[in-house]
Amino acid sequence: MSSDPLKHSVNQYLEELPQPVQTRLYESPATCLAIYRLLPELAKYFMMSMVFNENFILLRDLDRWVKPNGKVQFQEAIKSLKSLHLIMPKKNEKGALMIGLNPTFRESFKNALTGGKVHNSFGIVIEDNSISMDILNEYSSSKWETILHFMVGTPISTIPSANVLNLLKSSRLMEETETTAEFKITNEGFQFLLQEANAQIWTLLLQYLKMAESFQMDPVDILNFIFMLGSLEVGKAYSTTGLSDTQKNMLKDMRDYGLIFQKNSEAAVFYPTNLSIVLTSDNKNAIRSASGALDSVVQKNKEGTGNMDTSGTLNNDDQIGLQGQQTPEGALIVETNFKLYSYSNSPLQIAILSLFLHLKTRFANMVTGQITRESIRTALTNGITAEQIIAYLETHAHPQMRRFAEETLLKKLELDPNSKDTLQILPPTVVDQIRLWQLELDRVICYDGSLYSDFETSTEYNLLSKYAQDIGVLLWRDDKKRKFFVSKEGNSQVLDYAKRKLNNK
């Protein structure tokens, strides 16, 4: 499937739907357009080559379109299209395999591309300019950041709704303590906080879909509404007239997540927010999340500020220069001595940093901290991986760090055009040490099982240890001390074997 974990999880859910449900989904042009956007790039190319061609195409002809080094992507693309039943296979008179586009999908997708019969699948726009973009942006940010603040444990005046809390609990992002009935973040919740905004939203929506099935809600209506939201225009007003009863019931939940805005619960109009557009697009900067990428900001700040020395460490003058100029919100500077500077006054951003950083000082527009063995080990034991921490630091790296890394790589390539060095935004010593701290925890692996010892003879020891090895449940043995350890699952088999063999003797 797609190399994008988000697209993979969404596509995996769609693939697991029964074929009749998939066919009903394909009756909506907006849904077809959204599913097309979630496909691997090569699959998109094949789709566009068949959408206006009703004839079947030889599979080997598609194979010829792909370069030899792209055969893996070719197999992934065909597998994706087959799993979603987007292509229909058949054999010609010579036995050669041919494929054609699903006729239901073709018709709806063609209408989406050409503006044909879309049957209000892209919503019913009405004239209403009473709600400004500022109101929508503030509303969506407030709703979404309330959820994230609650997960981190930041003191907030208003907690998320009961439906949101139930969703966080059922998705195992948070758990309710038995003694105090308070919500506590789980290992999965820590990992959730380091994801991009669109991945976070889809994590909750996929769990919402699973919960909706238990309430016998129509998954087609739910998916159609979610995909429709991703295709609407932010700032426009849309009527609820064309929505089904299931979709009207969803409006409250979508308000709680910040995906739509309504003046009141009885309003016949809703407004999609900038948070909804990330549902079917690759735009990760529509709203700031705990790990919102700064790629667009980096592009705007190519010139950077300050000067970085060849060790990758900023001098005092450089730090003052950086503070004196406009710095991207949340930008990080990581030094070779493991000190970190974050140009942010956001409680959410600071709370996220505290997950793997020992915070030291907080200023008006900046916090400082130290990456330590203890802080990283705490993060690792809470389920955050070394690669997630490194990816977070790289994504939020200050433009000056990125520019310095690009200049260093260019110099290396000038000296050696065949160099295989890659872009190193963070100091290599910091990256290597974070990974080494994870390896420290990975050195010891715990297994549940049983230890066999105190054998009277070597014959008994050899008989049972060999049997445990033969059936694949032996985890460890020491022939000198006549001891061996078997897995929990295989313990009963070894005991039964010992009773049969040793009792007979």
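Here the shortest heavy-atom pairing between A364 and N345 reads O-CB, 3.4 Å. P272 approaches E233 most closely through the heavy-atom pair CG-O, 3.6 Å. Of all heavy-atom pairs spanning V125 and K236, the tightest one is CG1-CD, 4.3 Å. The shortest heavy-atom contact between I434 and I389 is CD1-CG2, 4.3 Å. Summarising the geometry of L167 relative to M211, their closest heavy-atom pair is CD1-SD, 3.4 Å, with the distance given to 0.1 Å. Between V66 and G70, the shortest heavy-atom distance links the atoms CG1-O, 3.2 Å.
Side-chain contact between K339 and T368: absent, with no pair of heavy atoms (C-beta onward) separated by less than 4.5 Å. Counting heavy atoms from C-beta on, the side chains of L39 and S80 come closer than 4.5 Å. Considering only heavy atoms from C-beta on, L275 stays 4.5 Å or farther from K143 through its side chain. For the pair L232/M228, a side-chain contact is recorded, criterion being any heavy-atom separation below 4.5 Å from C-beta on. Annotation: side chain of L223 is not in contact with side chain of V21 (no heavy-atom distance under 4.5 Å). Taking 4.5 Å as the limit, every side-chain heavy atom of N274 sits out of range of all side-chain heavy atoms of L136. Put simply, the side chain of H358 does not reach to within 4.5 Å of the side chain of E374, judged on heavy atoms. Y392 places a side-chain heavy atom less than 4.5 Å from the side chain of L353.
No side-chain donor-acceptor contact under 3.5 Å links Q207 to the backbone of L168. Distance alone, capped at 3.5 Å, places no donor-acceptor pair between the S142 side chain and the E138 backbone. Between the T31 side chain and the E27 main chain, no donor and acceptor come within less than 3.5 Å of each other. Formation of a donor-acceptor pair under 3.5 Å by the Q370 side chain with backbone atoms of N337 is found in this model. T186 contributes a side-chain N or O that, together with a main-chain N or O of R172, makes up a donor-acceptor pair within less than 3.5 Å. Looking only at distances, a side-chain donor or acceptor of Q438 sits under 3.5 Å from a matching main-chain atom of A386. Listed for the S276 side chain is no donor-acceptor partner under 3.5 Å among the backbone atoms of G230. Under the 3.5 Å distance criterion, the side-chain polar atoms of S121 are matched with a main-chain donor or acceptor of A30. Although no hydrogens or angles enter the test, the distance criterion places a donor-acceptor pair under 3.5 Å between the side chain of T273 and the main chain of G258.
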Verdict with reasoning, Q200 to L148, per side chain to side chain contact (heavy atoms under 4.5 Å, CB included): CA-CA 10 Å; Q200 291 175 337; L148 298 180; 4.1 Å; yes
Residue pair M401, V334: steps toward the side chain to side chain contact (heavy atoms under 4.5 Å, CB included) verdict: CA-CA 8 Å; M401 290 187 67; V334 182; 4.3 Å; yes
Derivation of the side chain to side chain contact (heavy atoms under 4.5 Å, CB included) call for W202 and V278: CA-CA 9 Å; W202 268 112; V278 303; over 6 Å; no
Test log, rule side chain to side chain contact (heavy atoms under 4.5 Å, CB included), inputs L251 and F225: CA-CA 10 Å; L251 290 174; F225 188 60; 3.7 Å; yes
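Atom CZ of F52 sits in a crowded spot, with more than 12 heavy atoms from other residues, nucleotides or ligands closer than 6.0 Å. Atom CG of D421 sits in a crowded spot, with more than 12 heavy atoms from other residues, nucleotides or ligands closer than 6.0 Å. Atom NZ of K210 is surrounded by 12 or fewer heavy atoms from other residues, nucleotides or ligands within 6.0 Å.
In this structure, the separation between OG on S132 and OH on Y271 is 10.5 Å, given to the nearest 0.5 Å. For the atom pair CE of M254 and CZ of F270, the computed distance is 11.0 Å after rounding to the nearest 0.5 Å. Atom CD1 in I222 sits 5.5 Å away from atom CE in M250 (nearest 0.5 Å). Note that CZ of F109 is 10.0 Å distant from CG of L86, once rounded to the nearest 0.5 Å. Atom OG of S140 and atom CD1 of I260 lie 12.0 Å apart (nearest 0.5 Å). Atom CG of L165 is separated from atom CG of D256 by 9.5 Å, given to the nearest 0.5 angstrom.
Side-chain atoms of N102 and Y26 form no donor-acceptor pair, as typed in the model, at a separation below 3.5 Å. Side-chain atoms of S130 and D128 form a donor-acceptor pair, as typed in the model, at a separation below 3.5 Å.
Below 30°, between 30° and 60°, or above 60°: for F338 and W437 the angle between ring planes is between 30° and 60°, a tilted geometry. Y257 and Y208 have perpendicular rings, their planes meeting at more than 60° on a 0 to 90° scale where under 30° would count as parallel.
By the 4.0 Å N-to-carboxylate-O rule, E387 lies close enough to R435 to be salt-bridged with it. Using a 4.0 Å cut-off between a side-chain N of Lys or Arg and a carboxylate O of Asp or Glu, E41 and K44 qualify as a salt bridge. D63 has no carboxylate O lying under 4.0 Å from a charged side-chain N of R60, or vice versa, which leaves the two without a salt bridge.
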